[in-house]
Each structure stands twice: as C-alpha cells, then as structure tokens.
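Reading through the structure tokens given below for one structure.
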Protein chains: 2
Amino acid sequence: MTVTLADVAARARVSPATVSRVLNGNYPVATATRERVMRAVDELDYVVNGPASSLAAATSDLVGILVNDIADPFFGIIAGAVQSAMGRAGGGGAVGGGEKLAVVCNTGGSPERELTYLTLLQRQRAAAVVLTGGAVDDPGHGAAVAAKLARLAVAGTRVVLCGRPPLPAAGEDAGAALATLTFDNEGGARRLTEHLLGLGHRRLGYVAGPVERTTTRHRLEGHRAAMTVAGLGADLDRLTVHGPYDRRSGYEAACELLRREPGLTALVAANDTVALGVCAALRDQGLRIPDDVSVAGFDDLPFSVDAVPALTTVRLPLHEAGARAGRLATGAEAPPPGGLATMGGELVVRASTGRAR
Amino acid sequence: MTVTLADVAARARVSPATVSRVLNGNYPVATATRERVMRAVDELDYVVNGPASSLAAATSDLVGILVNDIADPFFGIIAGAVQSAMGRAGGGGAVGGGEKLAVVCNTGGSPERELTYLTLLQRQRAAAVVLTGGAVDDPGHGAAVAAKLARLAVAGTRVVLCGRPPLPAAGEDAGAALATLTFDNEGGARRLTEHLLGLGHRRLGYVAGPVERTTTRHRLEGHRAAMTVAGLGADLDRLTVHGPYDRRSGYEAACELLRREPGLTALVAANDTVALGVCAALRDQGLRIPDDVSVAGFDDLPFSVDAVPALTTVRLPLHEAGARAGRLATGAEAPPPGGLATMGGELVVRASTGRAR
DNA sequence: CTGTTAGCGCATTCAC
DNA sequence: GTGAATGCGCTAACAG
C-alpha cells in the first residue's frame, strides 16, 4: 500500500542504498543520479519511514523539550527559542535529512509525568532532551531524574538543562553529554529586594511559589539574604506565603499578608503572573500602587510592561537561554566550560515600586 | 550494549514473543509468567525501542499538536488541554503501552513550517495530528495542507482541526478520519461590536490581525456585519488597521487610528494581547478608558481580567475545545455529526467599555 | 560513485 | 498459554 524506498529505487532504476544516500545527503552521489531519484520521490510522493530509519540508524531526529506549564509564557518563550534555534541549525540539509522534530512536552509540574516523558523520549531514542524551568526540589525525585538522564546520555542522547539548577550529583560520565544553563534566581531576587530596601521599605511581604520547586527556594533565599543583611530577618516566616505560580495565588496571598501585617509597604511576588494577582488584590482593597504599597515581580514577561502601573521586575534572558539550549541540543554550540553556565537577571525598575510612605 | 527484548526474555526464561505480549497487554498471559517478565524488565531496566516497535506494528504513539505561536497563551491553553485529555485517556494501559507521546510543534505561523512539521509527523507515522488556531488564508497553501492531511488520514493518522475553520474541500475520503472543532469567531465579533453600538458608539476603530489569517478575516467580518447593519459601513476601511497578534501592533495601530480619526470613542482589537497594546497607547496619549475611549479584546485570556480597567472581550472555550480535540485524537470520543462542531464565544462585559461620551 | 548483503528490535502470524 | 519463524523499511559496512 504505502510506497517504500524500494519503490523509489525501482522507479529511478538505482539501488535502495543509493536512494538512501541522496535522501540523507551525507554521501557523494552523481548529480544525474540524484536528480533521477528526486524525481521518482516526487512522482511517487514518497515519505521516509521514520521508525524504520531510526531503527536502522539507531538514532532519531526527535528532540524533546520538557516544560512545567505550557500555558505559561515563561515556558512558551523558552520553548519557542529552542525550536527556532534548532530550525536554523538544521535548515540547510538535504531533502529529508537534517530536519529535527522539536517537540515540547508538558509535564504540568508533575514529577511522575516528567519521568514518564523522559521514558517516552528514551523509548523513541531521542537525539536530545531539553529540560526547562525549575526542578522539583526533592532529593528522591532529583535522583530519579538524574539517573534517567545519565542513562539517556549514555545512550547518546544530548541532555540540556535550561533555566534549571545543575543536577545533584552529575560528576561522573553524565557530565560529558550534559550541559546546564542556569538562571541566577537568587542573585536577581536579592537585588530586587535591595532595590526595595533602598527605597526605604522595611515591612515587605513575600509571595513565594510552590514550596517544592527549586525556583521558589532560590528566589526566596535571595530575598531573605537581602532582608537579613538589612537586619530584617526576624519576621521573615510570618511575612512569607507560598502558593502556585498563578495570579489567583497572588491575589489570595496578598490578602493574607495584609491581614497578618496591615502596615506592609511592599509586596514582592515570586513571578510576574503572581504579581498581577497581588496588584488586583491591592486595588480591590483600595490601596494605591506604589503610593501605598510597592509591588515587584520576576521574569519580565511581555505583559509586565502593560500592567498598571508597569511592573518592576527582574528580567531573565529567556530567549537567549532557549536559543543557546537549542544550539547545545543540536551540537551547533560547544558546551560551556565545566558544562555549566549561569545567566544573570537584570533588575528592571518601573512604576510599581516607589519610596516607602 | 543496550538491553533488548531478547535479553529480557532470556532472563525471564520465556520467548521474546511472550515478553512482547505482557508489555503490550493485549493478549492473555499467565500471571506467574507475567510477573517473571516484569521482574526481568525491572532488573534489566529495560525500555522498549520505540522505532523498532513502530516499525513492526506500523503505528506509533506519537501525537502531534501544531500551534502558531507557542509563546502565546491562547495556544498554550489549548495545547495543555489536548495533552491532559490524552493523558487521562491512555493512563490505564499496560506497562509500556497506552501511553501516547503528545508533542507540540511550533510553526510560528509560517506555512512552510506547518507543512514541514506535517511531513515530519507523517514520517514518524504519527497516531494523530491536531492543528490548532487559525489557518493561513491562502487557497494554495490551504490546498497543500488539505492534500497532506488527506494523505495522513489515508495512512491511518487521525486528524483534528481545533479552533480552525473546516478544510476547503474535504468532501471525499478524508472526511472519515477528520474532525473539525471550529470557533464562531464571526458571531463573537459581531456581538462584541453590537455591544459597543448599543452603548452609543458610532466611531469605532478596528485593530485587525495579520491579513493572511482566517481568524483575522472572520473576526473582521463579524465586526463589519454589525457596523453595516448599523448604517456605519462607509468608513470601515479607513478605520481598520492590520498588524501581527502582539501588543506592539496594538500600540501602533491605536496611534495610527487616532491620527486618522481623533474623534474615535471605541477601539476593538483582534485579540486581548493586541488590546493591551491599545490600552497602553491610549494611556500614553492621556486618554481615559472607558471615559474617553472604550476598548475591547477577544479570547478572554487569563491576564485580561487583570488589565486596568479589566477588559471587555469574547470568551472562547479554549480549554474545552482542546480537551475535546485530545479525546478525538485518541479516539476516546466520537467525531461530531458531519465531522464538524462549532463552538461559540461568549461576550464578557467588563470595565473597559462604557457609554460613548 | 554505485550495488549487494546483512541486520537493527520488535510484533505477529502460525503451530504446539 | 507459549514458542518459533518471518518480515516491517531502512542504513551501513563492504565490495566493485
């Protein structure tokens, strides 16, 4: 029923091997022969059988991109950058070759699904795997993921961590095929809080992300470091509330924090989306931003500049990190020294923060 | 090097065929044997070779989800819903079976990349393909896509269109394996403009999406229908500006429209993201929303409620449509009668629209 | 530069 | 219920 490489070979009056060679473009073939084959391919409307090809070659052109939440632009931006960087790299290839199938897999933040997707990708003998965003902050899961990634690496799959802390114990052989691009969440958070401190704020609330995420912890640690240095370490626990990375969490946390401490003059959110919820809560309580309460976010997602007032935040090089991860995944770029590169965040001061009242 | 099914068979002291049977769970196997096999699988840390399995079975567990812009929550929400609906469906299966690998492919709105991804998926013998969002509004490309989809369908790949108009000429055999879930963009746009008209607005500007998209055209047609009925059809072309679906486009278009017609009392944007840009432009010009100018968007993305003032818009059942597409893709749900279902949009009136001044 | 020869790892007939 | 044999469609050595 379906047309195979052998059919093409017959039509072009060459051997199957030759057809394979022109299709993959990785071997010298006479121009005349190539054209004959190409014509046959067109006429027969032939499409390579991926599984067969992957089986024979023991590799595939699948590249998996794991994200925690595909509906969150944070991940969308990174994933998009990874894909387009990969597209540019393989674009110049032959007819059927070179093209990588970049696919994004949505784990929904679930450790099980993360592992499941990794297994599925392993099963497909993926060429590369890119894990994006914060990891689940649990030793057991971390070890499981590390083990899985080590196996993938051994099997020849390139592994790239993008916007995620380095693996717990990646000292061994995994180090070779594993590159890590991590964000300086802690440093960014510290500078952000220092900015607020510099504006005279002394009573700051912090709306943290879900407890079990590394991103949450690192940003929180940066905040606490700044607070502690300023001699404000006492009330930290009371003025911190955890919740998911969504606007609703920001809304509710802001209400709760104001209940605990009506005298707050600044609220720092774990990310921009949460900050949006914080702003909404403040407005609903009749508080002005930043006159009554300053608000800050993190990530500098595209909508942050359109918030009213525009959000002070920490800009992460999402696009740059994704693009680099894409190049790392295709082997178009050499891994950073030591397999680890840290990308800093830049404080972006806008209208949502002002002097303490 | 890598452990194969034969290794497992040897360890469990059964034939490869038996291992295959317990792994796929679609054949009676004695409980004792099954357990022995399972143990061997665990001990050897065996992972099925997807390509080999797909080659032998002539099917794969890959499901492709094509999106126009992965960084846009509109697509993220749909894609996430598709994936989770599929996950639930296949979850109860056997060890290695049942699990579909749902992957999203970012076309970036480019017709070529759309076709490329379709070919890549065809090459992988994907189990299903879901195309989301508006199509490129070009007969040539439409025909090419339709042809490709027909071929996919013939090869046994389920095809689902989600949030996209039906194919040009899908009358033939493709109809069987092809389901379409389309949004009533025109109706939604019409009701939105009628709402504005009902508030007394007579001079409305329209910020349309890119010209070559069906979504753009349908929303624009709905707007124009309402305007024409109200006897306001004359100035339509002058008061319409096209641009990409991003905030910047909204910003610039708003400026341009105000230049053309300083007396505007309402601006309708092609989607919420564009509307955000429109609001920013209005603010920068010192105009109040909605006192001076009313603004409306489309889609009701999560951030729209947090805009200041909150955005009047048309809510599309993004999540519901995606979930249904996911079920259609896995065969968990029967296609709608005629293969086509239209999902309506609901007018959501918030604070960004008010009576004309 | 091109043809021939072997498998790649698994799912499936068939027998038993 | 289980085992033995066959082929899925392609790539990768080798020859020539």
Side-chain angles (χ1 to χ4, degrees), chain A residues 1-38 40-41 44-61 94-98 122-125 127 155-156, chain B residues 1-37 40-41 44-61 93-98 122-125 127 155-156:
Chain A
M1 181 58 233
T2 131
V3 29
T4 75
L5 185 147
D7 298 329
V8 176
R11 194 144 184 16
R13 318 191 122 269
V14 295
S15 74
T18 300
V19 177
S20 171
R21 292 196 264 253
V22 331
L23 256 31
N24 292 303
N26 48 14
Y27 217 83
V29 175
T31 312
T33 314
R34 158 178 288 112
E35 287 182 349
R36 208 137 35 85
V37 171
M38 298 289 268
V41 167
L44 263 34
D45 206 30
Y46 169 70
V47 174
V48 182
N49 182 317
S53 145
S54 296
L55 172 58
T59 63
S60 88
D61 50 7
V95 193
Q122 180 182 9
R123 179 184 302 175
Q124 299 294 334
R125 305 298 189 255
Chain B
M1 181 57 232
T2 131
V3 30
T4 75
L5 184 149
D7 299 329
V8 176
R11 196 146 185 11
R13 317 190 122 272
V14 295
S15 74
T18 300
V19 176
S20 171
R21 292 197 263 253
V22 333
L23 256 32
N24 292 303
N26 48 13
Y27 214 82
V29 175
T31 312
T33 315
R34 158 178 289 110
E35 287 182 349
R36 207 137 36 85
V37 171
V41 167
L44 262 35
D45 206 30
Y46 170 70
V47 174
V48 181
N49 183 318
S53 153
S54 296
L55 173 57
T59 63
S60 89
D61 50 7
V95 193
Q122 180 182 9
R123 179 183 303 176
Q124 301 292 333
R125 304 299 189 255

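Quick caveat: nothing in here was measured; it's all calculated off a predicted structure.
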How about Arg125(A) and Ser54(A): do any of their side-chain heavy atoms sit closer than 4.5 Å?
no
Val41(A) and Met38(A), any side-chain heavy atoms less than 4.5 Å apart:
no
Do Arg36(B) and Thr18(B) come close enough that some side-chain heavy atom pair is under 4.5 Å?
no
Flag side-chain contact, heavy atom, 4.5 Å: Asp61(B) against Gln124(A)
yes
Below 4.5 Å, heavy atoms only, C-beta onward: do Arg21(B) and Thr33(B) meet side chain to side chain?
no
Report the residues that fulfil salt bridge (charged side-chain N to carboxylate O under 4.0 Å, His left out) with Arg11(B), sequence neighbours left out, ordered by chain and then residue number.
Glu43(B)
Contact letters for nucleotides 8-16 of chain C, in which S counts primed atoms plus P, OP1 and OP2 and B counts the base, heavy atoms under 4.0 Å:
BBBBB----
For the atom pair CG (Asn49(A)) and CG (Leu55(B)), what is the distance rounded to the nearest 0.5 Å?
6.0 Å
Going 5' to 3' along DNA chain D, which nucleotides are the first and last within contact of chain A (any atom under 4.0 Å from a heavy atom)?
dG9(D) to dA13(D)
